[in-house]
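Encoded as structure tokens, the structure appears first; notes follow it.
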Amino acid sequence: MTADLPMSVLGPGGVEETWELFLKDGEVPGITLRSSDGTAWSGEGDDLFDALSDIRLQIEPLGYLLLCNGARTDAYPSGMGRDMGRGSIVYILQPGRAARRQVSVFDRAAPASVGTVAAQREFYEAWIAGPLHRPLTDRSRDALAELWFRLSGRSYAGTLERRRRSDRGHRGS
């Protein structure tokens, strides 16, 4: 074991505790989490984010959530970050927006922002399927429309939603 980090954990009933997290050096990234009573869980994976997810899957059924950025429902690593940074950085994702803000996987996160591995994956999949990943022509049209509406002082959001509903109707035919 190489690094020893304090890790805040939200337990059953909303009780917050501080446990220890140990990072394992080596070809396969590994993490060990030790509770205040000495119970330990270990996880391995292709990168640190995978190893952390492995541990989370072990402690979630017991009612525990890690209070770190790697456990935020709106956070996920990029492919390049996983390859080059060993999964130690995640992006904070916002629906309909490109991922820009990077944070350390192990830095503390607010209790309201964390969730289960399943909730995190669900948020990520919805983000991937969101409007940011529509064809470039759709995004370009929307950007030009938004600019026109802002310059003219009109409401853009309602018009955009009507156009999207209309487009879905035409594509389904």
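If you're wondering where the values come from, they're calculated on a predicted model, not measured in any experiment. When reading the values below, keep in mind they use all heavy atoms of this one structure, side chains included, and skip hydrogens, waters and symmetry mates.
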Taking I31's backbone N and O only, do any of them form a donor-acceptor pair with E44's side chain (distance below 3.5 Å, no angle check)? no
Pairs satisfying ring-ring contact (aromatic ring centres under 6.0 Å, His included), at least one member in residues 60-89, at least two apart: W19-Y64, F49-Y76, Y76-Y124
Test salt bridge (Lys or Arg N to Asp or Glu O under 4.0 Å) applied to R101 - qualifying residues, sequence neighbours left out: none
Between V90 and A75, what is the shortest heavy-atom contact and its length? CG2-CB, 3.8 Å
Do other residues, nucleotides or ligands put more than 12 heavy atoms under 6.0 Å from D107 CG? yes
Please collect all salt bridge (charged side-chain N to carboxylate O under 4.0 Å, His left out) contacts where either partner lies in residues 31-43, sequence neighbours excluded, each pair once. E20-R34
For a 4.5 angstrom cut-off between non-hydrogen side-chain atoms, does P111 reach L65? no
With a 4.5 Å cut-off on side-chain heavy atoms, are I92 and R72 touching? yes
Inspect the surroundings of CD in E17 and state if more than 12 heavy atoms from other residues, nucleotides or ligands are less than 6.0 Å away. yes
Any heavy-atom pair between the side chains of E16 and S8 that's under 4.5 Å? yes
Can you find a side-chain donor-acceptor pair between Q120 and R56 that sits under 3.5 Å? yes
Side chains of S78 and Y91, heavy atoms from C-beta outward: is any pair under 4.5 Å? yes
With sequence neighbours excluded, what pairs up with E125 under the salt bridge (Lys or Arg N to Asp or Glu O under 4.0 Å) test? none
Applied to residues 96-116, the ring-ring contact (aromatic ring centres under 6.0 Å, His included) test, sequence neighbours excluded, yields none
Any heavy-atom pair between the side chains of I55 and L33 that's under 4.5 Å? yes
For a 4.5 angstrom cut-off between non-hydrogen side-chain atoms, does D74 reach Q94? no
So, are D47 and R86 salt-bridged, with charged N and O less than 4.0 Å apart? no
Mind checking whether V105 and I89 have side chains closer than 4.5 Å, heavy atoms only? no
According to salt bridge (Lys or Arg N to Asp or Glu O under 4.0 Å), who are the partners of D54, at least two apart in sequence or on a separate chain? none
Would you call N69 and V114 a side-chain contact if the rule is heavy atoms closer than 4.5 Å? no
Do L21 and L10 land in one hydrophobic cluster if side-chain heavy atoms of ILVMFWY residues count as linked below 4.5 Å? no
